[in-house]
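Take a look at the structure below.
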Amino acid sequence: MNTQKKVAFFKTDIGTQEEHAVMEVLRSGWLTTGQQTADFENAFKTYTGARNAVAVNSCTAALHLALESLDLTSDDEVITSPFTFSASASEIIHAGARLKFADINPHTGNIDPACLEQTISPRTKAVIPVHYAGLPCDMNEIMNLSFEYDLKIIEDAAHALESSFNSQKIGSIGDFTCFSFYATKNITTGEGGMLTCDNDALAEKIRILSLHGMSKDAWKRYHPTLNSGAKNYYQILFRGFKYNMSDIQAALGIVQLSRVDEFWEKRRVRAQLYRTLLQDIPEIELFDDDIRSKHAYHLMPVKLRTDMLTITRDQCIELLRQNGIGCSIHFIALHLHPYFQDTFGLIPSDFPNATNVSERVITLPLYPILPEEDVVYVVETIKRILCANLRKPLIPVT
Ligand SMILES: *Cc1c(COP(=O)(O)O)cnc(C)c1O
């Protein structure tokens with residue numbers, strides 16, 4: 001019998017409240033976008049302080065819609081971090097613009113404002129800062145660049161639902177903010193996303209784009225003489241998409257959002273415990289915090305000092321797996337992937353900080369129902385693995 005301890009990389013926390021909410025929708029007869037979705041959007045506006053919120057079926061869709069609403073051309077450039085999930089970059093390409101990367105600060109994992117400024121050209125129209133692991137980017141610097149160079153700021157807040165910067169809630173700072181409710185994110189609707197936006201006209205356009213570019217409201221607005229007999233007709237106003245959220249997802253989202261502070265507090269306690277236990281291990285580097293920010297503690301990434309070890313990062317992950325511990329990598333930097341290398345002619349040295357961190361990072365298990373004793377087990381196992389694989393000094397110490 002295998003009695004080895006198991007620590008899953010992630011487990012969801014779905015309770016009876018979520019089950020009841022979803023069952024109610026299933027029995028109501030209305031499954032697609034409706035009252036639940038509107039209620040979820042309103043709750044989300046209250047939580048983030050955003051002026052407008054549009055529920056969609058993924059963060060990827062939210063990023064795409066924000067970019068589409070800007071009517072970018074193939075001459076326009078959009079800058080993002082190479083140290084992110086592929087969606088932050090691929091949506092720039094889908095929106096028909098030119099993708100540019102700017103390197104990160106290796107201590108935070110976030111886009112480096114100085115690298116960002118160097119990458120800005122007269123063609124730059126927008127920037128997608130990614131709040132890595134839930135630590136907000138330096139939004140002072142980024143908003144200053146946005147005013148100076150007239151850039152739209154589309155925040156990828158897939159990790160940063162609970163975050164704030166200088167007491168300002170993420171979702172109420174940039175022009176657009178995109179959130180994810182993917183299965184492993186801070187709250188989940190299975191799949192889902194939300195786009196917040198301070199501009200009413202752009203928010204309305206995004207809402208229309210999210211459902212085929214179709215508007216019943218606009219039909220009424222542009223044809224004031226129509227009688228009520230035509231109320232079921234619609235007009236296609238734009239080349240739209242099928243990105244709407246269903247009421248099944250929204251019902252889940254409403255309950256999950258009501259638990260967001262409970263989830264955050266549990267992750268915070270576990271992240272702090274990791275930090276306390278890991279901080280004196282010389283072969284581990286922690287990412288920086290920022291006293292100006294509220295961290296969402298979405299992920300617990302650490303950097304291995306591979307120069308002090310005889311094993312690679314991947315071998316370390318394999319040894320952790322053999323000890324029953326699930327780990328992940330956030331992220332393999334985008335310019336190290338075949339598609340981005342081949343399409344844009346990128347090489348690892350183009351973004352040295354992202355390359356360096358990408359090759360050393362390991363994401364440890366972190367979620368609300370992770371037992372605190374499992375945090376201790378993970379750290380003790382890491383210590384054991386590192387101690388057994390230390391590089392001996394080349395020159396004997398005298
Ligand atoms: C998860 C994630 C996304 C994509 O979210 P989906 O809801 O799955 O589309 C985008 N950006 C980052 C940084 C992510 O981690």
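Whatever order the structure lists ligands and atoms in, that order sets their numbers, starting from 1.
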I'd like to know whether the aromatic ring centres of Phe44 and Phe179 sit less than 6.0 Å apart in this structure.
yes
Open item on the list: For the aromatic rings, using the six-membered ring if either is Trp, is the centroid distance between Phe40 and Phe181 under 6.0 Å?
Closed with: yes
So, Glu41 and Arg207, do they make that salt bridge, N to O below 4.0 Å? yes
Go ahead and list the nitrogen or oxygen contacts between ligand 1 and the protein that come in under 3.5 Å, distances to 0.1 Å, or just say none.
from, atom 1, to, atom 2, distance (Å)
ligand 1, 5 (O), Ser180, OG, 3.3
ligand 1, 7 (O), Cys59, N, 2.9
ligand 1, 7 (O), Ser180, OG, 2.7
ligand 1, 9 (O), Cys59, N, 3.3
ligand 1, 9 (O), Thr60, N, 2.9
ligand 1, 9 (O), Thr60, OG1, 2.5
ligand 1, 11 (N), Asp156, OD1, 3.3
ligand 1, 11 (N), Asp156, OD2, 2.7
ligand 1, 15 (O), His159, NE2, 2.7
ligand 1, 15 (O), Lys185, NZ, 3.2

Check: Should Phe241 and Met245 be regarded as members of a common hydrophobic cluster, given that ILVMFWY residues are connected when their side-chain heavy atoms come within less than 4.5 Å of each other, either directly or indirectly?
Finding: no
Item to complete: Determine yes or no for a side-chain-to-main-chain donor-acceptor pair under 3.5 angstrom, with Arg360 supplying the side chain and Leu304 the backbone.
Response: yes
Item to complete: Would you mind checking if Lys383 and Glu380 are paired as a salt bridge, meaning a charged N to carboxylate O distance below 4.0 Å?
Response: no
